[in-house]
Amino acid sequence: MVKTWISRIKGGLLEAVLVFPVVMVCIPILLLATGALMGRDELREGLSPVFTGMGDYIEWNLMPDYPTFENYKKLLLETPQFFVLFWNSVKMAGCILIGQLLVGVPAAWSFAVYRFRFGKAVFTLYVVLMLLPFQVMMLSNYLVLDQLGLMNTQWAVILPAAFSTFPVFICYGGFRQIPAAMLESARIDGAGEAAVFIKIGLPLGKGGILSALVLGFLEYWNLMEQPLAFLDNKELWPLSLYLPEITWQQAGYAFSASVITLIPSVFVFLMGQDYLEQGIVYAGLKG
């Protein structure tokens, strides 16, 4: 009996420890959702320490006293700039992911399936490049893009990301799980290398590919540093740079814009969370 109670107490403590970080992550999202439904006066009253610098703590109601959709109305019906930047984000994220499919997936297949001289050394170099932050590569990227005449165009953001080493690393783990005997059997049956890649490699490596796409979307939907460095024209900016332009005097407007910006990321995450788990597994496997 005592052991049963001890086991229950341990289980309860473990659940509390696991639930706590979940609650901490969800609180900012809850604040966004409620703030988007608050009127200007209620937000001004609750956030007066931020607006005026007077007072110690902000006051926040989990449920607005007078819920309103005025902020969403202003954003969706009276702000065409929002839709321009939303489309910029869709276009840039989509082009980057398509480019990674065309470049990164075949590269990962080559590293995983074929044996060639210095292959492991080149792949290790790929992994090292993946670890380098954007700030390290920014100057070299700027010089190359300037020479190509791509500065202040969306291609300056799309092309470097399309040749990212990250999808190669993720897809490599998925392709390495395909038995070599299966590939060899297909070749013996007369299948060419392209047929082996399309009919065996892509279906069996689907988990790694989709994982790379989900992770890539979550990253490139929220790009900030690259557009700031390479795009001077604000009409070319993605949606992620629109929110910092909103002043605190437009708090409700900023909250509603944040909620709408968050929706695509949440949708993609929920649709691809199973593949994300596979990608984490593949990244941890060594081949």
Side-chain angles (χ1 to χ4, degrees), residues 18-19 21-34 36-37 72 75-76 82-109 112 130 154 157-158 161-178 197-224 226-227 237-243 255-285:
L18 295 177
V19 168
V22 175
V23 173
M24 296 303 294
V25 170
C26 292
I27 285 177
I29 300 176
L30 178 62
L31 295 180
L32 283 179
T34 56
L37 297 176
Y72 288 105
L75 182 69
L76 298 177
F82 178 83
F83 292 97
V84 172
L85 301 186
F86 188 93
W87 170 242
N88 287 342
S89 288
V90 172
K91 182 167 55 176
M92 283 193 281
C95 290
I96 289 171
L97 296 180
I98 292 173
Q100 290 184 348
L101 281 176
L102 297 177
V103 177
V105 175
W109 174 260
M130 183 184 69
Q154 292 179 344
V157 178
I158 294 172
F163 287 90
S164 171
T165 59
F166 180 73
V168 178
F169 176 72
I170 295 296
C171 295
Y172 172 86
F175 289 142
R176 286 290 293 173
Q177 304 311 304
I178 302 175
F197 172 61
I198 295 174
K199 295 183 178 180
I200 297 179
L202 293 181
L204 296 183
K206 178 179 66 175
I209 297 172
L210 293 178
S211 175
L213 291 178
V214 172
L215 290 171
F217 179 85
L218 296 177
E219 177 182 357
Y220 301 123
W221 183 256
N222 300 298
L223 280 179
M224 295 192 70
Q226 293 88 334
W237 279 6
L239 191 58
S240 53
L241 295 183
Y242 179 64
L243 297 178
F255 283 129
S256 59
S258 298
V259 170
I260 294 177
T261 303
L262 184 63
I263 290 175
S265 297
V266 173
F267 177 77
V268 170
F269 175 79
L270 293 177
M271 294 293 293
Q273 58 183 338
D274 293 336
Y275 298 109
L276 282 176
E277 295 175 3
Q278 296 181 28
I280 294 172
V281 172
Y282 293 151
L285 295 175

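Everything numeric here is computed off the predicted structure, so don't read it as measured data. FYI, side chains are in, hydrogens and waters are out, and symmetry mates aren't considered; it's all heavy atoms of this structure.
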If I take atom [atom1] from residue [X] and atom [atom2] from residue [Y], how far apart are they, to the nearest 0.5 angstrom?
X	Y	atom1	atom2	value
Phe86	Leu76	CZ	CG	10.0 Å
Gln177	Tyr172	CD	OH	10.0 Å
Ile170	Leu210	CD1	CG	12.5 Å
Leu32	Ile27	CG	CD1	12.5 Å
Ser258	Leu75	OG	CG	9.5 Å
Phe175	Leu202	CZ	CG	6.0 Å

Taking the side chain as everything from C-beta on, heavy atoms only, tell me whether [X] gets closer than 4.5 Å to [Y].
X	Y	result
Ile209	Lys206	no
Pro167	Val105	no
Phe217	Ile96	no
Ile263	Val266	no
Leu101	Leu213	yes

[X] side chain to [Y] backbone, donor-acceptor under 3.5 Å:
X	Y	result
Gln154	Met92	no
Trp221	Thr261	yes
Ser211	Gly207	no
Ser89	Leu239	yes

Next item on the list: Before giving the answer on side chain to side chain contact (heavy atoms under 4.5 Å, CB included), spell out for Leu85 and Asn88 the whole-Å C-alpha distance, their side-chain angles and the decisive distance to 0.1 Å.
Entry: CA-CA 5 Å; Leu85 301 186; Asn88 287 342; 3.7 Å; yes
Return the minimal non-hydrogen interatomic distance between [X] and [Y], and the atom names on each side.
X	Y	value
Ser164	Gln100	CB-NE2, 3.8 Å
Ala257	Phe82	CB-CE1, 4.2 Å
Tyr72	Ala36	OH-CB, 3.3 Å
Leu223	Pro238	O-CG, 4.0 Å

Note to self: Run Phe269 and Leu215 through side chain to side chain contact (heavy atoms under 4.5 Å, CB included) and show every step you take.
What the structure shows: CA-CA 8 Å; Phe269 175 79; Leu215 290 171; over 6 Å; no
Note to self: Can you see whether Tyr220 engages Gln226 through a side-chain donor-acceptor pair at a distance of less than 3.5 angstrom?
What the structure shows: no
Has [X] got more than 12 heavy atoms of other residues, nucleotides or ligands less than 6.0 Å from its [atom1]?
X	atom1	answer
Phe267	CZ	no
Lys199	NZ	no
Phe163	CZ	no

